[in-house]
Amino acid sequence: MSDEADQGTPLQTSPLHERHVALGAKLAPFGGWQMPLEYAGGGVVREHTAVREAVGLFDVSHLGTAEVRGPGAVAHLDGLLTNDLARIGPGQAQYTLLCDDETGGVVDDLIVYLHDAERAMLVPNAANSAEVLRRVRESAPEGVEVEDLHAARAVLAVQGPRAEDVLREVGLPVGHDYMSFVEADLDGASVVVCRTGYTGEVGYELVVDASSAVAVWDALVAAGAAYGLVACGLGARDTLRTEMGYPLHGQDISPDVTPVQARLGWAVGWDKPRFAGKDVLVAERAAKPSRLLRGLLAQVRAIPRPGMQVTTTDGTPVGTVTSGTFSPTLKQGVALALLDRAVGLDDEVLVDVRGRGQSFVVTKPPFVVTDVRA
Amino acid sequence: MTFPDDLKYTAEHEWVRDPGETPGSVRVGITSFAQDALGDIVFVQLPEVGETVAAGAVIGELESTKSVSEVYAPLGGEVVARNEALDATPELVNTDPYGEGWLFEIRADEGGAADLLDADAYQAGLDT
């Protein structure tokens with residue numbers, strides 16, 4: 001979910017790197033990892049369409065994985081992360097945020113997998129994993145351990161209307177509730193199968209040991225052939241998540257943007273006694289934020305890009321595009337933008353596309369209707 | 001990736017076919033290297049027929065899902081044709097860059113083609 005460029009340190013590679021090279025992937029740095037952007041013979045549009053209409057297979061091993069264990073482990077996480085872990089039980093996962101206690105800015109957005117009161121797994125963004133773990137460790141009570149498994153685990157995402165067919169074919173469990181997970185075995189490899197993803201389609205993310213990643217990938221590719229499975233890169237993951245209005249850390253959300261501004265209040269347990277950033281976020285929510293993350297839909301042939309300025313129709317600056325792309329489904333430009341609160345839904349605004357003010361309408365995402373919970 | 005011998009090339013990864021279909025013109029497109037680097041092309045913006053363009057001027061844009069690239073006039077002259085099919089099917093630039101994915105035709109002012117590269121020289125530039 002983050003695309004901060006490499007900071008000069010050598011890039012890490014996924015346990016599936018050889019598979020990507022063999023498939024002719026174009027590789028790009030992503031959060032310190034060298035990951036596939038798109039595959040030869042594919043391309044973003046074909047890969048995107050495969051996920052909307054059939055099924056796509058993504059390597060998202062750049063995502064961090066860590067275990068938090070010990071007496072009070074989950075209570076500790078609940079006192080730090082924004083979402084309310086009491087809303088879920090063992091075997092369920094939750095989208096949540098880690099905010100800075102002083103500013104309320106989003107340090108990272110992540111998924112928590114709840115095993116029991118003394119054990120949870122965190123899946124933070126690649127570029128933020130180390131900082132998330134640092135903050136979780138720093139405040140951890142005696143006896144709570146944080147184990148970084150970033151390089152020891154691989155994460156595969158199987159996404160799309162035929163995802164269940166592919167998993168069933170390889171013998172993995174399917175059909176569990178949205179955001180719940182099951183631990184399974186695939187020819188001796190232990191696989192955590194979670195009904196989640198970041199594409200808006202029905203799908204699963206599989207967490208496996210790095211040593212089993214190639215075997216699991218190969219099994220999915222072989223079983224998927226009959227269902228139109230296409231290997232998909234992070235380029236398609238970006239167009240898919242943008243069509244859904246899902247934020248990307250480092251673009252739409254960051255330490256400079258609060259969950260109130262990003263309209264992520266649904267992922268905040270406002271009634272919890274505490275979480276990092278609670279005081280400042282409660283105050284901002286009561287006072288109303290000065291800006292909001294909104295969707296923009298092009299009314300003309302124009303593709304918005306991050307950093308482009310947004311103005312009213314008479315040229316008054318009202319914000320900035322944070323994510324923007326061509327929607328392969330709508331065949332229109334779509335964007336997420338941080339806009340002054342005064343800008344309302346359905347208002348017409350102009351996006352400065354290389355000197356030309358192009359017409360967009362403020363829209364409530366998702367831009368594309370899917371049935372992720374079906 | 002192929003770079004046909006019967007075309008001339010520019011350092012901006014465009015090709016020039018002499019003659020074009022319009023009498024007295026040359027046809028212009030982008031190379032297979034350029035379309036591959038851009039990725040899926042989704043919008044093509046081209047100059048209007050009748051426009052007079054200077055050699056090296058930016059006269060259009062190619063946008064892919066991930067980026068935008070400018071289109072340059074490889075020669076000065078008058079635009080005499082544009083590939084109208086790219087409005088509805090911009091992906092032709094990816095699938096057939098030297099054929100159905102051509103961009104426009106120019107009737108050059110005079111000579112002017114001195115800076116164009118042959119296929120070997122263009123490819124040598126890619127390899128360095």
Side-chain angles (χ1 to χ4, degrees), chain A residues 3 24-30 36-51 230 232-243 248 251 298 300-308 321 323-335 351-356 358, chain B residues 1-3 12-13 29-49 51 53 56-73 82-101 103-104 126-127:
Chain A
D3 81 338
K26 282 186 198 169
L27 300 162
F30 200 88
L37 196 59
E38 61 179 61
Y39 292 90
V44 171
V45 174
R46 175 167 174 263
E47 293 168 17
H48 178 108
T49 306
V51 173
V230 168
C232 299
L234 298 183
R237 187 171 159 91
D238 195 54
T239 53
L240 288 158
R241 69 94 195 164
T242 304
E243 283 186 349
L248 176 70
Q251 285 186 198
V300 293
R301 284 170 64 114
I303 304 179
R305 307 286 182 185
M308 288 180 176
V321 171
S323 285
T325 191
F326 170 82
S327 157
T329 305
L330 302 177
K331 311 226 177 294
Q332 273 174 290
V334 295
V351 174
D352 182 347
V353 180
R354 294 177 296 282
R356 288 188 294 268
Q358 304 282 21
Chain B
M1 243 174 252
T2 58
F3 305 102
E12 282 77 35
H13 310 289
I30 66 166
T31 66
S32 60
F33 173 85
Q35 67 77 22
D36 183 66
L38 265 170
D40 288 337
I41 291 163
V42 293
F43 282 160
V44 177
Q45 190 208 317
L46 296 174
E48 298 298 329
V49 170
E51 227 172 277
V53 298
V58 174
I59 58 171
E61 283 179 354
L62 300 174
E63 281 211 70
S64 69
T65 50
K66 61 183 182 226
S67 64
V68 59
S69 170
E70 293 178 323
V71 175
Y72 300 88
R82 64 206 288 274
N83 188 352
E84 304 290 349
L86 299 182
D87 243 22
T89 49
E91 62 272 19
L92 290 172
V93 180
N94 293 113
T95 56
D96 192 10
Y98 301 113
E100 295 297 312
L103 299 182
F104 55 87
L126 294 181
D127 295 339

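Convention: sequence-line order gives letters A, B, ...; per-chain numbering from 1. For the numbers below, each heavy atom of this structure counts, side chains included, while hydrogens, waters and symmetry mates do not.
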Inset, instruction - For residues A:Ile303 and B:Val42, determine if any side-chain heavy atom of one lies less than 4.5 Å from a side-chain heavy atom of the other. - result: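 SC-SC contact between A:Ile303 and B:Val42 confirmed.
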
Inset, instruction - Please tell me if the side chains of B:Lys66 and A:Leu37 come closer than 4.5 Å, counting only heavy atoms from C-beta onward. - result: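 Contact flag for B:Lys66/A:Leu37 side chains = yes.
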
Inset, instruction - Measure distances from B:Asn94 to the heavy atoms of chain A and classify the residue's part below 4.5 Å as side chain, backbone, both or neither. - result: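 For B:Asn94, neither part sits under 4.5 Å from chain A.
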
Inset, instruction - Please assess B:Glu91 against A:Val45 for the test side chain to side chain contact (heavy atoms under 4.5 Å, CB included), listing each intermediate value before the final yes or no. - result: CA-CA 10 Å; B:Glu91 62 272 19; A:Val45 174; over 6 Å; no

Legend entry - Contacting moiety of A:Ala302, where chain B heavy atoms sit under 4.5 Å: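 It is the backbone, since no side chain atom gets that close.
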
Legend entry - Residues in residues 323-331 of chain A near chain B [non-hydrogen atoms, under 4.5 Å]: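 If one takes a 4.5 Å heavy-atom cut-off, the residues of residues 323-331 of chain A near chain B are A:Thr325, A:Phe326.
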
Inset, instruction - Using atom types as modelled and distance alone, determine if a side-chain donor or acceptor of A:Arg46 lies under 3.5 Å from a backbone N or O of B:Asp40. - result: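 A pair under 3.5 Å: no.
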
Inset, instruction - List the atom of A:Arg305, the atom of B:Val68, and the distance in Å for their closest heavy-atom pair. - result: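 Minimum heavy-atom contact is NH2-N, 4.3 Å.
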
Inset, instruction - Could you tell me which residues in residues 56-64 of chain B have at least one non-hydrogen atom under 4.5 Å from a non-hydrogen atom of chain A, sorted by residue number? - result: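 Answer by number: B:Glu61, B:Glu63, B:Ser64.
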
